[in-house]
Peer 1: 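Take a look at this one; I'll ask things after.
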Amino acid sequence: MESNLEVWKTAHQLTLAVYKVTQNFPKSEQFGLTSQVRRSAASVPTNIIEGQARQYKKEFVQFLYISKGSLEETNYHLFLSKELGYLSEDDYKLLSELCTRIKMMLYKLIKSLTA
């Protein structure tokens with residue numbers, strides 16, 4: 001399954017990157033922070049593609065807002081991971097910049113659908 005939307009592709013790349021960096025998190029976080037950040041990251045492209053499959057534009061926009069919320073949750077989990085020393089400063093910066101790019105893409109897509 002793949003979407004033709006650039007925002008979905010970028011969000012998918014974020015999810016893959018989150019899964020990769022969390023492989024190095026402590027085993028004690030497997031059911032805690034590791035699971036939370038992975039779920040919130042995966043929720044971003046999941047909601048984009050689910051919304052895209054909906055019949056009405058209004059539903060799609062609602063799913064994009066949900067995706068935006070999941071993105072903010074992911075960004076916080078990444079910040080927390082950095083603060084706890086689980087994530088390097090460089091990895092955090094890269095992932096945080098990716099989150100910012102996705103946020104701008106979501107904003108533009110929502111604006112284009114509601115204009």
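Keep in mind that the numbers below use all heavy atoms, side chains included, and drop hydrogens, waters and symmetry copies. Here the structure is a predicted model, which means the values were calculated and not measured. Index from 1, following the sequence.
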Peer 1: Side-chain contact, heavy-atom cut-off 4.5 Å: L87 with V21?
Peer 2: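 Yes. Closest side-chain heavy atoms under 4.5 Å.
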Peer 1: Honestly curious: do I110 and Y107 fall in one hydrophobic cluster under the side-chain, below-4.5 Å linking rule?
Peer 2: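 Not linked; separate clusters.
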Peer 1: With a 4.5 Å cut-off on side-chain heavy-atom distances among I, L, V, M, F, W and Y, is there a chain of contacts connecting L98 to Y19?
Peer 2: no
Peer 1: Looking at T10 and V7, would you say the former's side chain and the latter's main chain have a donor-acceptor pair under 3.5 Å?
Peer 2: no
Peer 1: Has S35 got a side-chain atom pairing as donor or acceptor with Q30's backbone, closer than 3.5 angstrom?
Peer 2: no
Peer 1: Please list all pairs meeting side chain to side chain donor-acceptor pair (under 3.5 Å) that have one or both residues in residues 42-57, counting only residues at least two apart or in different chains.
Peer 2: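 As it turns out, the side chain to side chain donor-acceptor pair (under 3.5 Å) pairs with a partner in residues 42-57, which skip direct neighbours, are S3-Q52, N4-Q52, S43-N47, S43-S70, E50-R54.
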Peer 1: Look at the side-chain heavy atoms of Ile, Leu, Val, Met, Phe, Trp and Tyr, link any pair under 4.5 Å apart, and say whether F63 and M105 land in one connected group.
Peer 2: no
Peer 1: Any chain of hydrophobic side-chain contacts (each under 4.5 Å) joining V37 to L94?
Peer 2: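 Looking at the clustering, L94 is in a separate group from V37.
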Peer 1: Do N75 and F79 have side chains that get closer than 4.5 Å, going by heavy atoms?
Peer 2: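 SC-SC contact between N75 and F79 ruled out.
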Peer 1: Using a 4.5 Å cut-off on heavy atoms from C-beta on, say whether the side chain of L106 contacts that of I48.
Peer 2: yes
Peer 1: Are side-chain heavy atoms of Y92 and S81 found at a separation under 4.5 Å?
Peer 2: no
Peer 1: How far apart are the closest heavy atoms of A11 and V44, and which atoms are they?
Peer 2: CB-CG1, 3.7 Å
Peer 1: With no hydrogens and no angle check, is any side-chain donor or acceptor of H77 less than 3.5 Å from a backbone partner on E73?
Peer 2: yes
Peer 1: Mark yes or no for whether S88, through its side chain, and D91, through its backbone, hold a donor-acceptor pair below 3.5 Å.
Peer 2: yes
Peer 1: Assess the residue pair S112 and L109 against the criterion (side chain to side chain contact (heavy atoms under 4.5 Å, CB included)); give the C-alpha distance rounded to whole Å, side-chain angles, the decisive distance to 0.1 Å, and a yes or no.
Peer 2: CA-CA 5 Å; S112 75; L109 181 55; 3.9 Å; yes
Peer 1: Tell me, do S96 and L78 make a side-chain contact under 4.5 Å, heavy atoms counted?
Peer 2: no
Peer 1: If you measure from OG1 on T74 to CZ on R39, what distance do you get to the nearest 0.5 Å?
Peer 2: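 Reported value, rounded in 0.5 Å steps: 11.0 Å.
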Peer 1: Can you say whether the rings of W8 and H12 are parallel (under 30°), tilted (30 to 60°) or perpendicular (over 60°)?
Peer 2: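 Aromatic pair W8/H12 classed parallel.
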Peer 1: Would you say Q13 and L16 make side-chain contact, with heavy atoms under 4.5 Å?
Peer 2: yes
Peer 1: Between L14 and I66, is there a shared hydrophobic cluster once you connect ILVMFWY residues whose side-chain heavy atoms come closer than 4.5 Å?
Peer 2: no
Peer 1: Would you say the side-chain atoms of T34 pair up with the backbone N or O of E29, donor to acceptor, closer than 3.5 Å?
Peer 2: yes
Peer 1: Do any pairs count as a salt bridge (Lys or Arg N to Asp or Glu O under 4.0 Å) and have a residue in residues 101-110, sequence neighbours left out, and if so which ones?
Peer 2: E72-K103
